[in-house]
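Have a look at the structure below, then the notes.
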Amino acid sequence: MPALFGDFASWIVIGLPAFLFVITVVVFFHELGHFLMARACGVAVMAFSIGFGRELVGWTDKKGTRWKISLLPLGGYVRFAGDADVSSRPDEEAMKNADPKERANILHFKPLYQRALVAAAGPLANFILAIAIFAGVFMTTPQPAEPPVIAEVTAGSAAEEAGLRIGDLIRSVGGREIVHYADLQEIVGTNIGKALTVLFVRDGMTLEVQATPRATEITDATGAKRTIGLLGIKDRFEPLGPTAALTRAATTTWSMITQTFDYLARLVVGQASPDQLSGPIGIAKASGDVANIGFMALLRLTALISVAIGFANLLPIPVLDGGHLLYYAFEAVLGRPLGERAQEVGFRLGLAFVLCLMLLATFNDLVRFNLF
């Protein structure tokens with residue numbers, strides 16, 4: 001118990017501020033995306049909140065938007081004119097009674113494409129934030145060479161067994177061209193025990209060998225343990241200029257999106273375990289851990305969480321931004337919005353699904369950190 005108390009006390013001092021920093025930055029930019037797009041489309045914004053529940057501090061701007069910080073910091077919302085609640089469900093009664101001047105400022109009376117843009121702007125802002133953070137980090141700290149150049153070969157590893165050496169430049173693995181180090185990580189990490197053809201350049205000569213990634217258990221940034229394939233090599237590091245940093249930041253963000261999509265696809269068909277899902281406790285723990293490493297590490301975690309939040313919000317689940325886009329897709333096909341009853345049922349099912357997902361992620365965190 002004393003050790004647990006000591007760890008908790010340390011987390012309060014370092015981890016809690018780091019956690020609040022990560023969540024606040026990610027949520028602020030997500031909601032800012034919605035806000036800026038709504039303003040650009042002439043939609044009246046009633047409230048911009050970081051957190052849920054009782055308002056702690058706030059102010060009202062000249063256009064009538066209430067900016068506030070609320071009690072529970074696990075999220076946030078932008079509430080538009082005509083919304084019934086923070087999930088942006090339409091207030092049918094208010095819209096029926098709205099006069100022509102009020103209708104001009106209500107989101108639900110805007111053209112379909114504008115409503116879709118407002119819904120998509122939040123996740124897009126998360127991806128832009130991640131790219132900006134990664135680019136800043138890449139310009140200030142040396143990054144892996146691309147294409148990868150081997151700087152170290154672990155003794156007894158699959159790479160040493162295959163005959164790879166320091167200085168070898170990796171061109172392709174398993175028939176797939178390797179442009180970025182993330183490409184190498186992705187194909188090696190997902191092909192445990194499978195012999196892969198590695199094409200590389202050594203002293204100006206193109207050679208190839210067979211290498212078999214070995215199963216290795218790692219702990220990711222959120223504290224989740226997972227098994228991936230490794231060859232046992234490290235890439236050479238080099239500084240990047242602004243253009244190269246921005247390009248690599250974009251490809252890194254895209255790679256994270258595709259890897260997340262791949263994980264979800266494998267999860268649906270039973271090829272991946274749901275115990276890799278992590279929730280607020282995992283993020284809070286990871287925030288404290290990386291804050292002890294340094295601010296750059298905390299920024300990287302912020303970018304990672306920003307991509308995850310942006311991707312999750314694009315899932316076609318009512319109550320999320322992707323759910324709104326799904327409803328708008330039905331409206332585009334049918335030529336009219338879905339009925340109020342259908343939207344209400346979808347909202348309830350979506351809310352139940354999200355709550356169940358949060359409970360599962362929280363349970364995973366409790367088990368992972370021996371708190372349950």
Side-chain angles (χ1 to χ4, degrees), residues 1-30 50-53 56 69-76 126 129-130 133-134 137 141 182 185 189 216-228 230 252-253 255-257 259-260 263-264 267 272-313 315 320 354-372:
M1 182 64 72
L4 178 60
F5 178 77
D7 290 342
F8 181 71
S10 175
W11 181 82
I12 288 293
V13 174
I14 299 176
L16 180 58
F19 172 66
L20 292 177
F21 170 81
V22 170
I23 292 298
T24 301
V25 170
V26 171
V27 169
F28 175 78
F29 275 91
H30 179 93
I50 301 298
F52 297 102
L56 298 178
I69 298 176
S70 301
L71 182 62
L72 299 176
L74 302 178
N126 281 129
L129 172 64
I133 291 175
F134 281 134
V137 171
T141 57
Q185 291 175 311
T216 306
E217 185 178 75
I218 66 167
T219 302
D220 65 20
T222 66
K225 292 185 181 298
R226 54 195 181 97
T227 300
I228 63 172
L230 290 180
T252 299
T253 300
S255 177
M256 291 173 62
I257 293 171
Q259 288 179 39
T260 303
Y263 167 71
L264 288 179
L267 183 64
S273 173
D275 61 9
Q276 295 183 27
L277 294 173
S278 189
I281 295 176
I283 298 173
K285 175 67 166 56
S287 298
D289 291 343
V290 300
N292 284 312
I293 297 173
F295 187 64
M296 285 297 183
L298 188 63
L299 282 178
R300 281 179 174 270
L301 178 64
T302 303
L304 186 154
I305 299 300
S306 189
V307 174
I309 293 296
F311 182 89
N313 270 277
L315 295 176
L320 299 179
V354 170
L355 289 176
C356 288
L357 202 61
M358 287 295 295
L359 287 173
L360 174 60
T362 301
F363 175 79
N364 287 344
D365 290 339
L366 293 173
V367 172
R368 188 176 299 130
F369 303 118
N370 298 316
L371 297 174
F372 183 77

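Below, all heavy atoms of this structure are taken into account, side chains as well, without hydrogens, waters or symmetry copies.
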Please round to the nearest 0.5 Å and tell me the distance separating atom [atom1] of [X] and atom [atom2] of [Y].
| X | Y | atom1 | atom2 | value |
| --- | --- | --- | --- | --- |
| H30 | N313 | NE2 | CG | 4.0 Å |
| L304 | T252 | CG | OG1 | 11.0 Å |
| Q185 | L230 | CD | CG | 9.0 Å |
| I14 | S287 | CD1 | OG | 12.5 Å |
| S70 | I50 | OG | CD1 | 9.0 Å |

- prompt: Among L301, T302, T253, which one satisfies side chain to side chain contact (heavy atoms under 4.5 Å, CB included) with I133?
  reply: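 Output: one option passes, namely T302.
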query: Pick from V22, V25, L129, V27: which one makes a side chain to side chain contact (heavy atoms under 4.5 Å, CB included) with S306?
result: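 For S306, the side chain to side chain contact (heavy atoms under 4.5 Å, CB included) test succeeds with only one of V22, V25, L129, V27, which is L129.
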- prompt: Taking N126 for the side chain and V26 for the main chain, is one N or O donor matched with an acceptor at less than 3.5 Å?
  reply: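 Yes; judged by distance alone, with no hydrogens or angles, the pair exists.
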task: Could you pull out all residues at least two apart from T227 that satisfy side-chain contact (heavy atoms from CB on, under 4.5 Å)?
output: I192, A215, E217
query: Does the side chain of M358 come within less than 4.5 Å of L355's, by heavy atoms?
result: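 No, their side chains stay 4.5 Å or more apart.
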query: Side chains of F52 and L74: closer than 4.5 Å at any heavy-atom pair?
result: no
- prompt: Partners of F21 by ring pair (Phe, Tyr, Trp, His ring centres under 6.0 Å), sequence neighbours excluded?
  reply: F295
statement: Note: L71 and P73 closest approach over all heavy atoms is O-CD, 3.4 Å
- request: Identify the heavy atoms of S278 and G282 that sit nearest to each other, and give their distance.
  value: OG-CA, 3.3 Å
- prompt: What residues form a side chain to side chain donor-acceptor pair (under 3.5 Å) with T362, not counting sequence neighbours?
  reply: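 With neighbours one apart ignored, the set is empty.
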query: Do R300 and V137 pass the side-chain contact (heavy atoms from CB on, under 4.5 Å) test, and can you show the C-alpha distance, the side-chain angles, and the key distance before you say yes or no?
result: CA-CA 8 Å; R300 281 179 174 270; V137 171; 3.7 Å; yes
